[in-house]
Amino acid sequence: MKSKRISLKIAAMVGTVELITMTAFFLIINHSLTKVLENKAMSDMNIIARDRAQIVESYIIGCCDFLTGYSRSPIIREGFTKKNDPIARRKVHEVTLAYAAGHTDTEGLYIAEWDTFVLEHTNPASINITFRDKENAKILEETIKSKGQAFCTGIVRAPVSQKMVIPVYAPVFDEAGKELGFAGGAFFTDALEKKLAPLSDNTIGYSLINANTNEYIFNEDSQLVGQKCTDQHLLDTIHGFLSQDKKNKTLSYRSEESVISCYFMADKNWVFIVKDSNENVFGIVRSVRTILAAICILITLIMLLFFGFSVEITMRPIRDINTQIEKFKARDYSYSDILNKYLARDDEFGTIANAVKELHGVLENQYQLFFELLEAQTVGTLVTNLEDNNIILVNKMALKLWGIPPEKKATLTMDDIKNRFDEEETEKIANVRSLSKISNEEIVYETSVMHDDGKKIHLLSHAKCAHLSNGEQVIIFSFIDISAQKKLEKNLVVLSETDSLTQICNRRSGEYKVKKAVIEGKYGMFCLFDANKFKYVNDTFGHTAGDKVLIEIAKCMKKTFRTTDILIRLGGDEFVVFAPEIKNQSTGKLILERFMKNIEKIDIPELHEHKISISLGAVIIDNNETFEQMYTKADSLMYDCKKQGGNAFKFYNA
């Protein structure tokens, strides 16, 4: 309905504006919110990296404090001042073992002189050896003295256990504060990894890289510990940051798959790295975006429903008025009382309602007059839509000509009409419709329709395309019954082609049919024969008896030959039979023998004892010959039979 279409258009326009507005709102809010949430997620990653790096630093500080306590023990001091006293050395050994036992992560604990000569060690095999050359020992001495307290030199792989350890050194002072030597210890990183493990989950990975050597100090994959980092992008980022004059200790960046946050432990030149997938880090962003989109969609739907309902209420008068107009279009001119409630309105709806009511009266009168004129016609009339072939108008005379009961008019369809025509006639009507689309000329054609009682009606039909003022194109058909005329024409054709005495083809029509068959390639057997002593019959028994002879011969021809064979009386007692598709003499001989027997059975009382016989010449035609050529060949054979006494047939042999 048009009112529905208008409502939909208004709703579509408003919906489009609302959709654009809500989309812009969503994009703006989503952009701002996404930026805030992404910054927050990156900040959280920085905090995670910083907190875990501080755990590492705290653990190292704890190791340094532990070694400081060991180095400041008076008994340890005696290890240097009384290094030759066995009792003192035994006490130092006991204290060293006791200290080592108090820290479960210690790989080794020892004291050594500046030349790195070991005085005491938790491993007896390492006592009284020098573990560095003179030059490296001097560098270590200067470093320990400059630090003046316990410090860590890094994390390295222990040469004996091949585990990652934290080497820590601390000076040992005498009572006057002079450096006597140094204490050293190596602490396994296993305990540090255990402290970090509870803070990790299945998605966040961590590692600790020595920026000097690019080697992994820690890694969630233990196989990589001590190996060089192969992530060149990560290394370039780290070294690029280290080369800058920086204030911050953290750096975060995104790759295609991950978010990486680095915390720089500047005093040791280590980099603590945490890594998580984009999916986990920014999952909250997608969740918030989804919720925001759902809210925007919900608001849009609510507004559309509200506005759609408002438009529907407002457009209800148009829908009612349009319903009445649609009834007019469907040729239903009954008036609906639903418009009465709008007649008193002083707005546009009231004006339209009153105009429709006045239009109803005019249309009803015009339709009544047109309907009466249409039904009064003695010519069948049908009007169909050119595009969809739907019926627009049909009168009772058309129904009568088609043999359709009048009560079916209300539900009549083109299929009902087509069922009255055979396939050939239906195709003819379809061609007429196709021609009407490209021509404005009137088309005249003949067709036939079959009634339920088996009666066939011949119709003369006229068809013409017409363009209506509303832009539609229709075809107007008219039908006149010409069955009587067609019957008369058929009778005239039969009379002109049939021998009046024998009721088979006369010479003119028979000769034409034979020639036509041969031209079409329908070759076969050509027979020419006449009645023996026919003149004697006429002279002796009279022409009436002679006519009976000819009639009986024609009956034998019909009895012997097929209905598709051409039977001809050339004139007098001379006959021709053309039997297509009899291609050989053996078949022809069987048929002619049966024909001769049928001739012998002819019994005409007026002839008394005289028997009818014929002389016949037959030719098998296998190429395109003229009627005269066939006749000449058969005629010579027929006279040969007569010379031999008649009552016989012969075949032509080339």
Measure the [atom1]-[atom2] distance between [X] and [Y] for me, rounded to the nearest 0.5 Å.
X: Ile475; Y: Thr384; atom1: CD1; atom2: OG1; result: 5.0 Å
X: Tyr263; Y: Ile48; atom1: OH; atom2: CD1; result: 14.5 Å
X: Ile75; Y: Ser73; atom1: CD1; atom2: OG; result: 5.0 Å
X: Thr116; Y: Lys138; atom1: OG1; atom2: NZ; result: 12.5 Å
X: Thr81; Y: Asp174; atom1: OG1; atom2: CG; result: 9.0 Å
X: Ile302; Y: Leu298; atom1: CD1; atom2: CG; result: 4.0 Å

message: Please determine whether side-chain contact (heavy atoms from CB on, under 4.5 Å) holds for the pair Ile144 and Trp114, giving the CA-CA distance in whole Å, both sets of side-chain angles, and the decisive distance to 0.1 Å.
response: CA-CA 10 Å; Ile144 294 173; Trp114 293 119; 4.0 Å; yes
Tyr99: partners by ring-ring contact (aromatic ring centres under 6.0 Å, His included), with sequence neighbours left out: Phe66, Tyr70
Quick one: closest heavy-atom pair of [X] and [Y], and the distance?
X: Thr413; Y: Ile391; result: C-CD1, 3.6 Å
X: Pro86; Y: Asn84; result: CD-O, 3.3 Å
X: Phe182; Y: Glu113; result: CE2-O, 3.2 Å
X: Val92; Y: Glu78; result: CG2-C, 4.4 Å
X: Ala170; Y: Leu67; result: N-CD2, 3.7 Å
X: Ile166; Y: Cys152; result: CG2-SG, 3.2 Å

task: Return yes if some donor-acceptor pair links the side-chain N/O of Thr122 with the main-chain N/O of Leu109 below 3.5 Å, else return no.
output: yes
message: Tell me if a side-chain donor or acceptor on Arg77 pairs with a main-chain N or O of Phe173 at a distance below 3.5 Å.
response: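 Side chain of Arg77 to backbone of Phe173, a donor-acceptor pair under 3.5 Å: yes, one is there.
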message: Using side-chain contact (heavy atoms from CB on, under 4.5 Å), reason through Ile76 and Ile111 one step at a time and then give a plain yes or no.
response: CA-CA 8 Å; Ile76 295 302; Ile111 57 174; 3.6 Å; yes
query: What's the verdict on side-chain contact (heavy atoms from CB on, under 4.5 Å) for Leu208 and Arg52, showing C-alpha distance, side-chain angles and the deciding distance?
result: CA-CA 10 Å; Leu208 182 63; Arg52 295 183 180 182; over 6 Å; no
- request: List the steps and the verdict of side-chain contact (heavy atoms from CB on, under 4.5 Å) for Glu120 and Val95.
  value: CA-CA 10 Å; Glu120 180 57 48; Val95 169; over 6 Å; no
Partner of Cys262 by side-chain contact (heavy atoms from CB on, under 4.5 Å), out of Thr250, Leu234, Thr237: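 Filter result, single survivor: Leu234.
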Decide yes or no for [X] and [Y]: does some side-chain heavy atom of the first lie under 4.5 Å from some side-chain heavy atom of the second?
X: Trp270; Y: Ile60; answer: yes
X: Leu97; Y: His93; answer: yes
X: Gln149; Y: Thr68; answer: no
X: Phe151; Y: Thr143; answer: yes

Please output the side-chain donor-acceptor pairs of residues 127-137 that fall under 3.5 Å, not counting sequence neighbours, one pair per line with the distance.
residue, atom, partner, partner atom, Å
Arg132, NH2, Tyr169, OH, 3.2
Asp133, OD1, Glu135, N, 3.4
Asp133, OD1, Asn136, N, 2.8
Asp133, OD1, Asn136, ND2, 3.2
Asp133, OD2, Asn136, ND2, 3.3

message: Just to verify, what does Lys91 make a salt bridge (Lys or Arg N to Asp or Glu O under 4.0 Å) with, not counting sequence neighbours?
response: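 So Lys91 forms no salt bridge (Lys or Arg N to Asp or Glu O under 4.0 Å) with any residue.
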query: Are more than 12 heavy atoms from other residues, nucleotides or ligands located less than 6.0 Å from atom NZ of Lys147?
result: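 Check fails, neighbour count at 12 or below.
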message: Is it the case that over 12 heavy atoms from other parts of the model lie below 6.0 angstrom from the CD1 atom of Ile87?
response: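 Count not over threshold, so no.
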